[in-house]
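To start, the structure under review is shown below, and the notes come after it.
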Amino acid sequence: MMYTDRIKQLQTWLASQSADIAYISEPQHIAYFTGYLSEPHERVLALFVSANQPPFLFTPALEVTDAQNSGWPYDVVGYLDNQKPYELIKKEIQQRFKAPAIFALEKDNLTVQRFEALQAAFPDAKFSVDITPFMQKLLLIKSETEIQQLLAAGDWADVAFEVGFKAIKAGATEEEIIAEIHYHLQRNGVSSMSFDTLVLAGENAASPHGTPGKTAVKQNELVLFDLGVIWQGYCSDATRTVAFHEPTAFQKEIYETVLEAQLAAQAAVKPGITAAQLDKIARDVITNRGYGEYFNHRLGHGIGTTVHEYPSIVEGNDLVLEEGMCFSIEPGIYIPDKVGVRIEDCVAVTKDGCIPFTKTPKDLLIIQ
Ligand code: MN
Ligand code: MN
């Protein structure tokens, strides 16, 4: 069974680190090990895995039934809003496991406040082991099942593009186009986006992570869409830039440069190439056309149960790509006050190339 196998991998690693208990705090990582996905907000959701005893999931009381029904085969312990979660956690851990001497924590995720509460509950324990590097490696290679899930999440991003492109008309604002996309997705059972949807019109797209607002699309401008959904626990992330009426020669030149960079990198993906080499292939295309300074971010990031994970496709990362690694290829050119273009697909490395999770065409679409 998939989840028990994953727990076993974590237990083996824990033993290798001489750590007694892993505290998994990142909700998407909890879902990776348990099959139960939840965003508990300010409440505590935690997975405690000991090296040699059955693990238990700790949730707000109102989630216990859902967690039990998710297929998680081990115990679920709930706490009420009027109870102190870390006191209960202490009690459960003391009853189930031997007195823990060393905890392993997700140091890139656990808040200082929660860490201090845990420390107060276990004043004699050490918190010296960081789970983060292990998680990054564990999540790096995706199984065939996971790739199918990423493909399904990608299909919804393609649907979102189709809806978004249809919503472009004279006077439509960025916010209105986003609302159309979300309305359609929600009506069809997709309730979460993997990040805040970006629709950026004209020069607003010159900020890679701009904030959509009341700007209306104008004729002879480009419109950038960057979006993705969470579908059955897996994320999609894709970007398309389209033209509203005939683009200028300059806009076309920028677009064609980004497209060439994106296609060159995507065509070069195969086992054996490094992350840095892939970044350079795309960057060289843009630099050779004189726009290198306007491509001001890495080529890509890993994707899976989270929208940004390993591997990082960036200069200096000599990681050799292997079959099953999944990441974005998203070159862009951003010239302040003028134009912004990004084109992004996430892909899975295959035996001899890659498959993209999104299939919306990348030739410049001109919407009349
Ligand atoms: Mn991305
Ligand atoms: Mn994106």
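When a ligand or atom number is given, it counts from 1 through the structure's own listing order.
A salt bridge does not link E323 with K270: every distance from a Lys NZ or Arg NE/NH1/NH2 to an Asp or Glu carboxylate oxygen is 4.0 Å or more. Here K142 pairs with E309 in a salt bridge; the nearest charged N to carboxylate O distance falls below 4.0 Å.
Hydrophobic clustering keeps L45 apart from I21 (ILVMFWY residues linked when any side-chain heavy atoms are closer than 4.5 Å, directly or through intermediates).
Among the atoms of C346, no N, O or S atom is found under 2.8 Å from the Mn ion (ligand 1).
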Apply the test side-chain contact (heavy atoms from CB on, under 4.5 Å) to residues L299 and F327: give CA-CA distance (whole Å), side-chain angles for both, the deciding distance (0.1 Å), then the verdict. CA-CA 10 Å; L299 180 64; F327 50 83; over 6 Å; no

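Minimum-distance N/O/S atom of D237 relative to the Mn ion (ligand 1): OD2. Within E330, OE2 is the N, O or S atom that lies nearest to the Mn ion (ligand 1).
E344 contributes OE1 and D226 contributes OD2; the angle these two atoms make at the Mn ion (ligand 2) is 110°, rounded to 10°.
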